[in-house]
Amino acid sequence: MKTFPQSNLLQQLPKQFFASLVQKVQTVIAEGHDVINLGQGNPDQPTPAHIVSAMQQAVAKPMYHKYSPFRGYSFLKEAVAAFYEREYGVTIDPEKEVAILFGGKAGLVEMPICLLNSGDVVLVPDPGYPDYWSGVVLARARMEMMPLRAENGFLPDYEELNEDVVRHAKLMFLNYPNNPTGATATKSFFQQTVSFAERHNIAVVHDFAYGAIGFDGKKPVSFLQAEGSKDVGIEIYTFSKTYNMAGWRIGFAVGNESMIEAINLLQDHLYVSMFGAIQEAAAVALLESQQCVAELVATYEARRNTFVHALRDIGWDVQAPAGSFFAWLPVPNGYTSETFADLLLQKAHVAVAPGVGFGEHGEGYVRTGLLTSEDRLKEAAERIGRLQLFLIKKIIDKIGMCCHNSN
Ligand SMILES: Cc1ncc(COP(=O)(O)O)c(C=O)c1O
């Protein structure tokens, strides 16, 4: 069999940092250990029953067995507009300001290809969701990092960006509630973003994947709630997290007409639109009772509280996330995010994601998902607590040995 080399472009795609984590976890499981895996971001709950049932009925409809309209069914785009009006008080033109996506990831990767030419600069949050990097490479564009620091609430500080970088920037990614830090944004930050983007002619892509998941009674703010936001950007929303539909592969982009047209044009060439039955079930998700969403957020909030309290009980000084389903935990002195993640996996059988996998500024943290029961989260904290005691005992024993040797 011949082996055909991959194109130069494919070879430049970023390496999947977390593939090695998956491998390590599998090795420890294969050794017979009960691993509590907090390293991944895959929702653990099923899709709500009324959405599954809408899908089951829609599958039988012959109209969906044909090719679906290229840019999606109008009923879904109208449902998206109704959802934005109801949830955020934002008015959307369903035909010009909505693009249906095969999951949020597809839109995030497509956007640089839609707008950028070779060498153009994209501003990317660091730490951030690694899939932003892939679209930048496919567009042959250049990535410049915007550091997200704890002291600034994990929001980028536009003032600290290099003037030359800003002058060449054409596109910017933002994501709040944030993966990996769990931070949320304010309307005033988004307002500041609109001014910055307008001043420098930068198209903004706000990734609102965790838009439904805000804690302590605080609903996350949509970028489109900032005045003038549609002049400079879009928001990308997914059904994966809000409705536990990660396997269904459906999302949408809303906002700036020219950016939406560019996505639709690219997708006209890449695909025929998605299976109509999925679109019908997605419209049901947006339009019918949102009780399932309230219950999901309450579940994540209860898990967050249990986990954060359990970690504080073992003496780990951690911050509670304001949104998303992740907790971003500082690594103790003497470890990197990778050596600490390895230690937790090998000695406590708890898998976490090393922060450095999300960018240079993720160093010093590990990311944990709140995607298992409160009991398992508590047990994870207790195992880490026992590991601490074990390590302290080892140090004491070592000191004891030194004393004996010197006696
Ligand atoms: C920050 C962020 N954006 C986008 C996505 C993509 O979601 P999907 O492609 O399932 O819509 C994810 C998934 O984990 C994510 O964490």
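Fair warning: this is a prediction, and the values are worked out from it, not measured in the lab. Just follow the structure's listing: the first ligand is 1, and inside any ligand the first atom is 1.
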message = If the threshold is 4.0 Å, N to carboxylate O, is there a salt bridge linking Lys378 and Asp313?
response = no

ask   = Taking atom NZ of Lys219 as the centre, does the number of heavy atoms from other residues, nucleotides or ligands within less than 6.0 Å exceed 12?
value = yes

message = Determine whether the aromatic ring centres of residues Phe252 and Phe208 are separated by less than 6.0 angstrom.
response = no

Qualifying salt bridge (Lys or Arg N to Asp or Glu O under 4.0 Å) pairs, either residue in residues 125-139, two or more places apart = Lys105-Asp131

query = Taking everything shown except Glu198 itself, do over 12 heavy atoms lie less than 6.0 Å from its CD?
reply = yes

message = I'd like the contact residues of ligand 1, where contact means a heavy atom below 4.0 Å.
response = Gly103, Gly104, Lys105, Leu108, Tyr129, Asn175, Asn179, Asp207, Ala209, Tyr210, Thr238, Ser240, Lys241, Arg249

query = Should the heavy atoms of other residues, nucleotides or ligands under 6.0 Å from CD of Glu163 be counted, would the total exceed 12?
reply = no

